[in-house]
Amino acid sequence: MGHVTSLNGEPEQGVIIEAAGQEGCSEYQEESQTELDGTFRIRGLHPNCEYRIRLKSDSANQHIERTAPEFKTIKVENADLEGVNIIAFRQNNQLDISGNVITSPDHLPSLKVELYNADNLDAPIHSVKMEKSLIFFLPSLEINPRANYIVRLSSTLSRASYEYDLAEKNFLADTHHKHFTFNFNPKRKSIDQELNRGSFLILPVTLLLVTVIYNYKSILPFLLQARSYLQSLMNKHTANSNNGNVYAEDFDETDYDTTISKKKKSRRA
């Protein structure tokens, strides 16, 4: 018992699947047609016989170009066999792209697969995040033997903490299906490597401090002079502030009135 689906997971109805006996059971052959949901069940298989489950070469299957896998080999035991799943590829003028990444599931959230036209690597045609699945599918392309494309793996893992290589695959759109396998095995950098990277930043600062300490006798007079200059500026500012306060306190309203009265008398005279 199994399922026949298209590459995007849609069920394929009316596809004829056969079980062809192998070796000592080659005279046996059974077949079944898929239901509305793409399921099929092949009955009458002989125990202890080995069969190949495959797409039957029949006029009813003319709309199917091929399957993946091409066939599955099973051996009949006392129990029913389940999970014989087949992907069918229809006859069309499109290239279906699939692939998988061999890596730890912990790294999947950082991975992305990008599809580029080989003539323009500045912007991807399409990209898909791996997230939780090791298998990916990209949108179909029109078959064109002269069209060149690139599938590239990218990652957001920090280069400062990990060492890894990102592969890419170059291909022509000259067939109905392409499948690519990428390996992603990042290695965390050791503490010594991180310290060595940090030492490049520490070195200039260390040299500056050593220079200051070694020449402190020459630098000290300038520092003292600058300190004295700043102190004198602060003293002047304080003195000016105090003088302004004194003038304000000495000025009395009575004096102001007396001055105004004298001016008025001199005008009358």
Side-chain angles (χ1 to χ4, degrees), residues 1-105 108 113 128 130 132-143 145 151 167 169 171-185:
M1 182 176 178
H3 287 80
V4 179
T5 61
S6 63
L7 186 60
N8 61 5
E10 295 181 358
E12 289 287 350
Q13 179 188 7
V15 177
I16 298 178
I17 300 296
E18 70 172 353
Q22 303 296 304
E23 298 180 355
C25 300
S26 58
E27 69 272 19
Y28 302 127
Q29 189 270 346
E30 301 292 340
E31 63 185 50
S32 175
Q33 189 174 31
T34 58
E35 302 292 339
L36 183 64
D37 60 355
T39 59
F40 66 90
R41 181 188 293 270
I42 300 178
R43 304 178 185 274
L45 301 182
H46 293 263
N48 301 318
C49 281
E50 191 175 273
Y51 290 86
R52 280 189 176 182
I53 310 298
R54 64 194 179 193
L55 182 74
K56 184 179 180 180
S57 299
D58 190 276
S59 58
N61 291 334
Q62 287 184 351
H63 64 294
I64 304 296
E65 179 192 11
R66 60 186 180 82
T67 62
E70 182 180 355
F71 61 85
K72 282 192 174 184
T73 302
I74 63 169
K75 188 172 183 179
V76 180
E77 304 291 349
N78 294 327
D80 291 340
L81 291 173
E82 297 181 354
V84 183
N85 299 323
I86 297 172
I87 297 176
F89 296 88
R90 289 176 170 266
Q91 292 278 5
N92 54 39
N93 195 37
Q94 290 185 330
L95 163 61
D96 295 317
I97 305 172
S98 63
N100 66 294
V101 180
I102 301 174
T103 187
S104 168
L108 283 178
V113 178
V128 57
M130 297 304 297
K132 298 180 180 180
S133 176
L134 294 170
I135 300 174
F136 65 87
F137 298 96
L138 293 170
S140 299
L141 300 173
E142 184 178 350
I143 291 179
V151 177
K169 310 286 185 178
F171 68 95
L172 295 174
D174 56 357
T175 186
H176 291 282
H177 179 244
K178 295 281 187 180
H179 184 89
F180 303 101
T181 298
F182 293 98
N183 288 279
F184 184 70
N185 299 305

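No experiment lies behind these values; they were computed from the predicted model shown.
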Next on the checklist: Applying side chain to side chain contact (heavy atoms under 4.5 Å, CB included) to E50 and C25, what does each step give before you reach the verdict?
Outcome noted: CA-CA 7 Å; E50 191 175 273; C25 300; over 6 Å; no
Checklist entry - Of the non-hydrogen atoms in F40 and S32, which two are nearest, and what is the gap between them? => result CB-OG, 3.8 Å
Next on the checklist: Could you go through T181 and I102, starting from their C-alpha distance and side-chain angles, then the distance that decides it, and tell me whether this counts as side chain to side chain contact (heavy atoms under 4.5 Å, CB included)?
Outcome noted: CA-CA 7 Å; T181 298; I102 301 174; 3.8 Å; yes
Checklist entry - Roughly how far, to the nearest 0.5 Å, is CG of N85 from NE2 of H3? => result 6.5 Å
Item to check | Any residue meeting side chain to side chain donor-acceptor pair (under 3.5 Å) with R41, in chain and number order, not counting sequence neighbours | outcome: none
Item to check | Verdict with reasoning, L45 to I74, per side chain to side chain contact (heavy atoms under 4.5 Å, CB included) | outcome: CA-CA 11 Å; L45 301 182; I74 63 169; 4.3 Å; yes
Next on the checklist: For M130 versus V113, what's the shortest heavy-atom pair and its separation?
Outcome noted: SD-CG2, 3.7 Å
Checklist entry - How long is the gap from CG on L55 to CD1 on I16, to the nearest 0.5 Å? => result 9.0 Å
Item to check | Candidates R52, K72, R54 - the one meeting salt bridge (charged side-chain N to carboxylate O under 4.0 Å, His left out) with E18 | outcome: R54
Next on the checklist: On a heavy-atom basis, which atom in E12 and which in T34 lie closest, and how many Å separate them?
Outcome noted: O-OG1, 2.7 Å
Item to check | Atom CD of E27: over 12 foreign heavy atoms under 6.0 Å | outcome: yes
Item to check | Heavy-atom side-chain contact between S98 and H177 under 4.5 Å | outcome: yes
Checklist entry - What pair of heavy atoms forms the shortest contact from I143 to L95, and how long is it? => result CG1-N, 3.9 Å
Next on the checklist: Determine whether a donor-acceptor pair (N or O, by modelled atom type, separation under 3.5 Å) exists between the side chain of Y28 and the backbone of A19.
Outcome noted: no
Next on the checklist: Please check: side-chain N/O of N61 versus main-chain N/O of V15, any donor-acceptor pairing under 3.5 Å?
Outcome noted: no
Next on the checklist: For the residue pair N100 / H179, report whether a side-chain donor-acceptor contact shorter than 3.5 Å exists.
Outcome noted: yes
Next on the checklist: If you count heavy atoms of other groups shown closer than 6.0 angstrom to CG of N8, is the number above 12?
Outcome noted: yes
Next on the checklist: Below 30° counts as parallel, above 60° as perpendicular, anything between as tilted: where do the rings of F171 and F180 land?
Outcome noted: tilted
Checklist entry - Between S133 and L108, what is the shortest heavy-atom contact and its length? => result O-CD2, 3.7 Å
Item to check | Closest heavy-atom pair and its distance - P145, D174 | outcome: CA-CB, 4.0 Å
Item to check | ring-ring contact (aromatic ring centres under 6.0 Å, His included) between H176 and F89, worked out | outcome: CA-CA 8 Å; H176 291 282; F89 296 88; 9.0 Å; no
